[in-house]
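These notes concern the structure reproduced below.
Chain naming here is simple, since letters A, B, ... match the order of the sequence lines and numbering starts at 1 in each. These values consider heavy atoms only, across backbone and side chains, with no hydrogens, waters or symmetry-generated copies.
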Amino acid sequence: MSKIFETPLYPYQRSADQDASQPVRHPVIVIGAGPIGLGAAIDLAQQDVPVLVLDDNDKVSWGSRAICFAKRPLEILDRLGCGDPMVDKGVVWNTGKVFFDERQVYGFNLLPEEGHRRPAFINLQQYYFELYLYERLRELEAEGKPVQIRGGNKVVSVTPKDDYVALTVDTPDGPYQLETDWLIACDGAGSPTRAMMGLDFIGRVFEDNFLIADVVMKADFPTERWFWFDPPFNRNQSALLHKQPDDVWRIDLQLGWDIDKEEEKKPENVIPRLKAMLGPDVEFDLEWVSIYTFQCRRMEKFRHGRVIFAGDAAHQVSPFGARGANSGLQDTDNLIWKLKLVMDGKAPESLLDTYDWERVYGADENILNSSRSTDFITPKSEVSRQFRDAVLDLSETYEFARPFVNSGRLSVPCTYDGSPLNGPDAAGLPVRTRPGSPAVDAPVSGGWLLDRLGDKFQLLAINTEVPANLEEGGIAIEGLSLSTGDDPSGALKDRYLGKAASAVYLMRPDQHVAARWTAYDETAVRAALNTATGRA
Amino acid sequence: MAHLNTSANIAGPDDFYAELLATHEGLSKAESDALNARLILLLANHIGDRAVLTEALAAAAHAPGGDKA
């Protein structure tokens, strides 16, 4: 059985900062070495921004926790240089089945579109996810990139000052002081940073408990997502079965509100439930058991001066739809390039308020979807249950009812419609790549489009010429010219040209579209760059 | 844009009304409620037009006897 989550990876070591006579000032400190904190640190280090990660622990995630990683975060991981180990280890799945009572009501296939490097989803235990991020961070450190991680470092006070943040950090050797120009809090749903700053975290509590049991078994269940509404083995509740690597299976059983959590977690109570579900003959070992309740909520603002919140620290959703870690990685993807421009003096500090705008928009979308899934899975009134059951009954026979079935609307990337950073759009180009959208992958000349985008502003030109290098107010724009000859499958045309003969896209460092035209216009490009960097 | 048709639109209204009641005959309250829910979903899908459905929901909620002001 995998026990990598019990092995210390970055045990406490005394640092020179603890012996300094004055608190040492760092450019960026990240609190929390979970998926989001590690993602932020890698992004910063790759771009030579010195970063220090503080974590009160020294190991990867306890238990598998987040297991479902969507395509867009995998693309972000490619930009961070660690997509391959995730996808190589992860389980790719496309088929789902929905059961109601004793019957299978229907099955679905995610039918992933052709012409993308990454699959729609992989399942991977959070401990592997964090391990591969951690290994990437160490690799960058070995290459001489300015990144440090300190385990056993618990931040116990956060004091925002005018142009820096003062921290007190507790360690096995006692407390010490640090200062940082910028603080990124990725310390999870229970964020101590948020509490220490007395900030709100308002939302809706769902009165329900779910039992997660990860079991190791050699079972011949297929690699599919199975979801039950009101099954015989868990009456009036839901259940989920999903495969992870190493013959680990995620089982998620809804328990209701009035339960004794400590009792329900005991193996003598968990095992009979699992036997009722899996059948009496299936042999399994329990790897990890947890009971969770959840809320759908977010902070009113994610940026508080020089303290910036990301991931679950900033927003929390139900697990249905895999929108937790997946949206957190999109937070730091959005934040880091902006922070670097501000730190380099190339963009005003107000650019960071667009992190707030864009990711609050993303969080609201996730909270909306997640709340709706939860209301379907756990109807809150008699009439709500009647309609839910009517949908499930009809879905067995009638195709029309299936889109109503909501066992989690799986995470899709957020398009920042209406963002203050968006520049002009051109009529006739495909809707899916409008300003605010993440770039859509496509095979180009033996490689992938997304592998050629990111970390800088770029002009993607299709069937037209743009300068190889352009500079506006100290920010470089690199030209990337492609033509129909680079597009054997026609996917580039479908996704970026539509009916137009040519197109020019201004791409942000996070691979989102800033603006687009059907022909190159230098003045318009310069103006759009200023808009996209908060300088307009 | 299409609007909710609130003029008389069913030929043989008495026949339809009788058929509606007959469909519920012999059902318990819970079974009838479930049937109504299925019926609403089937009809809503047939109409399809989102604006018309919104008008229908509002018309039902605001009709005399409806609780919503």
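In this structure, CG in B:N45 is found 11.5 Å from OH in A:Y398, a value given to the nearest 0.5 Å. Atom CZ of residue B:R38 and atom CG of residue A:L392 lie 12.0 Å apart, to the nearest 0.5 angstrom.
Heavy atoms of A:V383 lying under 4.5 Å from chain B are absent altogether. Contact annotation for A:D393: only side-chain heavy atoms (C-beta onward) come within less than 4.5 Å of a heavy atom of chain B. Only the side chain of B:I40 comes within less than 4.5 Å of a heavy atom of chain A; its backbone N, CA, C and O stay farther away.
Within 6.0 Å of CZ in A:R434 there are more than 12 heavy atoms belonging to other residues, nucleotides or ligands. Shown here is A:E300, whose CD atom has no more than 12 heavy atoms of other residues, nucleotides or ligands within 6.0 Å. Summarising the local packing, CZ of A:R235 is surrounded by more than 12 heavy atoms from other residues, nucleotides or ligands at distances under 6.0 Å. In A:F221, the CZ atom is crowded: over 12 heavy atoms of neighbouring residues, nucleotides or ligands sit closer than 6.0 Å.
Nearest heavy-atom pair, A:F404 versus B:L41, reported as atom, atom and distance to 0.1 Å: CE1-CD2, 4.3 Å. Scanning all heavy atoms of the two residues, the minimum distance from A:Q386 to B:A37 falls at O-CB, 3.8 Å.
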